[in-house]
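Note that the structure is a prediction, hence the values are computed from the model and not measured. Just so it is clear: chains get the letters A, B, ... in the order the sequence lines come, proteins before strands, and each one is counted from 1.
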Number of protein chains: 2
Amino acid sequence: MMAKIQHNQPLYEQLMWRIKAQVATSVLKVGDKLPSVREMALIEGLNPNTVAKAYKALEGQQVIETVAGKGTFVRQVDTVVDEKAINELRNDFNNMMIEAKRLQVTPEQLHQWIDEFYLEGQQ
Amino acid sequence: MMAKIQHNQPLYEQLMWRIKAQVATSVLKVGDKLPSVREMALIEGLNPNTVAKAYKALEGQQVIETVAGKGTFVRQVDTVVDEKAINELRNDFNNMMIEAKRLQVTPEQLHQWIDEFYLEGQQ
DNA sequence: TACGTGTACTATGATACACAGTACACTTTA
DNA sequence: TAAAGTGTACTGTGTATCATAGTACACGTA
């Protein structure tokens with residue numbers, strides 16, 4: 001009966017980010033099997049429907065793929081450039097910089113954040 | 001009766017971003033008066049309540065200030081460092097880079113986006 | 001006084017979120 | 001073959017948010 005949204009973001013989106021972060025940092029590699037919908041629900045303390053919603057959305061983003069009756073697996077990175085998604089990213093990025101400027105975060109700091117991220121992801 | 005949310009973002013938040021962008025690019029300067037709630041509602045094609053919601057949220061973010069009976073004005077930039085907001089920004093920034101990596105946007109491209117933004121804002 | 005300002009209400013309809021429960025087609029395993 | 005585990009698709013419930021409409025009030029200004 002509960003339905004708490006923390007950090008102003010839906011639970012299924014928060015799960016999506018956790019999974020995407022694991023893929024980006026190679027904690028999850030291509031071909032790796034994800035926990036089943038019901039298993040992940042127990043792990044994360046969520047409803048299986050909520051996990052299924054996250055899985056389906058991630059499949060739509062080409063992050064994972066599902067094989068009928070087998071499970072869900074990390075998908076090979078798509079080689080096709082997604083112009084629409086990149087445009088949305090650019091727009092979000094602009095909003096982020098408006099916010100950064102307001103909070104008096106310097107561009108040098110932003111540069112550093114980028115470098116730190118790509119350094120940690122290299123290992 | 002309508003209630004269309006475009007771009008998967010509430011109308012009042014979209015308005016907030018437009019105003020914040022105008023402040024960041026100095027289209028709106030400190031002390032400038034914003035259109036009244038009812039006037040802005042006509043301009044943007046929104047309900048006065050929706051505009052009021054955006055104004056109130058922006059006041060909470062110290063972007064604007066309201067003077068009783070007079071109107072709303074662009075506020076002086078706060079000198080206090082908002083650690084909490086910066087931490088949230090950092091988190092959003094990380095998610096953004098996860099997305100960028102997935103879309104095969106290079107860190108060099110991200111660096112360029114930053115420089116372009118701060119260059120345009122200088123004028 | 002009259003007007004414009006932000007604000008605070010109540011109410012309605014639409015939508016999204018998260019949950020509970022059931023069911024089905026599929027694959028693998030025993 | 002039978003059983004168990006997979007994703008998926010439903011229906012339904014409760015909650016919250018969003019956007020609208022309409023009314024009202026205290027305040028400042030002309």
Side-chain angles (χ1 to χ4, degrees), chain A residues 1-20 23 28 30-76 88 95, chain B residues 1-20 23 28 31-75 88 95:
Chain A
M1 57 188 81
M2 293 293 161
K4 264 285 150 12
I5 297 181
Q6 303 168 352
H7 298 79
N8 207 21
Q9 207 179 19
L11 297 177
Y12 82 95
E13 280 188 18
Q14 293 179 40
L15 177 58
M16 285 175 68
W17 279 118
R18 284 196 291 274
I19 294 171
K20 287 166 87 167
V23 173
L28 284 173
V30 176
D32 281 359
K33 185 180 182 301
L34 274 71
S36 76
V37 166
R38 294 163 180 85
E39 195 176 353
M40 180 68 92
L42 290 177
I43 295 173
E44 299 283 344
L46 298 175
N47 188 283
N49 289 330
T50 305
V51 177
K53 190 172 185 177
Y55 279 17
K56 198 186 174 192
L58 284 174
E59 192 184 20
Q61 292 185 346
Q62 317 274 43
V63 177
I64 60 181
E65 60 182 343
T66 72
V67 183
K70 293 190 67 174
T72 65
F73 306 84
V74 178
R75 197 181 187 283
Q76 188 111 25
E88 287 178 7
N95 283 351
Chain B
M1 51 192 84
M2 294 288 163
K4 263 287 153 4
I5 297 181
Q6 305 168 349
H7 300 77
N8 206 22
Q9 207 180 17
L11 297 177
Y12 81 95
E13 281 188 18
Q14 293 178 41
L15 177 58
M16 286 175 68
W17 279 118
R18 285 196 290 275
I19 294 172
K20 287 166 87 167
V23 173
L28 284 174
D32 281 358
K33 184 178 183 302
L34 274 71
S36 76
V37 166
R38 295 164 179 85
E39 194 176 354
M40 179 68 92
L42 289 178
I43 296 172
E44 298 283 344
L46 297 174
N47 187 283
N49 289 330
T50 305
V51 177
K53 189 171 185 178
Y55 278 17
K56 197 185 175 191
L58 285 173
E59 191 183 22
Q61 291 184 347
Q62 317 273 42
V63 177
I64 61 181
E65 60 182 343
T66 73
V67 183
K70 293 192 65 176
T72 66
F73 305 85
V74 178
R75 194 181 188 282
E88 286 178 8
N95 284 351

Take atom [atom1] of [X] and atom [atom2] of [N], then tell me their distance rounded to the nearest Å.
X       : N      : atom1 : atom2 : value
A/Met16 : C/dA16 : CE    : C1'   : 15 Å
A/Gln9  : C/dA18 : CD    : C1'   : 15 Å
B/Leu42 : D/dA21 : CG    : C1'   : 15 Å
B/Asn47 : D/dT17 : CG    : P     : 19 Å
A/Phe73 : D/dT6  : CZ    : P     : 10 Å
B/Leu11 : C/dA16 : CG    : P     : 13 Å
A/Glu65 : D/dT8  : CD    : C1'   : 17 Å
B/Met40 : C/dG4  : CE    : P     : 18 Å

Residue A/Thr66, side-chain heavy atoms: nucleotide from D/dT20, D/dG7, C/dT5 that is nearest: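 Given the options D/dT20, D/dG7, C/dT5, the side chain of A/Thr66 is closest to D/dG7.
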Check residues 60-74 of chain B and write down every donor-acceptor pair under 3.5 Å in which the side-chain atom is one partner and the other belongs to a residue at least two apart or another chain.
{"residue": "B/Gln61", "atom": "OE1", "partner": "B/Lys20", "partner atom": "NZ", "Å": "2.9"}
{"residue": "B/Thr66", "atom": "OG1", "partner": "B/Glu59", "partner atom": "OE2", "Å": "3.3"}

N or O in side chain of B/Tyr12 less than 4.0 angstrom from D/dA19 OP1/OP2: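 For D/dA19, OP1/OP2 do not have a side-chain N/O of B/Tyr12 under 4.0 Å.
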Atom pairs under 3.5 Å: protein N/O with N/O of nucleotides 1-4 of chain D:
none

DNA chain D contacts made by residues 50-62 of chain B, counting heavy atoms under 4.0 Å: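 Those residues are B/Thr50, B/Lys53.
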Any side-chain heavy atom of B/Ile19 within less than 4.5 Å of one from B/Tyr55?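 Contact flag for B/Ile19/B/Tyr55 side chains = yes.
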Do B/Leu15 and B/Thr50 come within less than 4.5 Å of each other through their side chains, counting heavy atoms only?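 A side-chain contact under 4.5 Å is absent here.
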Pairs involving residues 39-54 of chain A, ordered by first then second residue, that meet salt bridge (Lys or Arg N to Asp or Glu O under 4.0 Å) (sequence neighbours left out):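 Found A/Arg18-A/Glu44.
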Nucleotides 23-30 of chain D: protein proximity per nucleotide (B base, S sugar-phosphate only, - neither; heavy atom, under 4.0 Å): -B--BS--
With sequence neighbours excluded, what pairs up with B/Ala52 under the side-chain contact (heavy atoms from CB on, under 4.5 Å) test?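 Partners of B/Ala52 by the side-chain contact (heavy atoms from CB on, under 4.5 Å) criterion, ordered by chain and then number, come out as B/Val37.
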Comparing A/Glu13 and A/Pro48 on DNA chain C - which has the more 5′ nearest nucleotide: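 Comparing both residues, the 5'-ward one is A/Glu13.
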Applying salt bridge (charged side-chain N to carboxylate O under 4.0 Å, His left out), name anything that partners A/Glu13, two or more places apart in sequence or on another chain.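 A/Glu13: no salt bridge (charged side-chain N to carboxylate O under 4.0 Å, His left out) contacts found.
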Which residues share a side-chain hydrogen bond (donor to acceptor under 3.5 Å, both in side chains) with B/Asn47, sequence neighbours left out: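 For B/Asn47, the residues satisfying side-chain hydrogen bond (donor to acceptor under 3.5 Å, both in side chains) (neighbours in sequence not counted) are B/Asn49.
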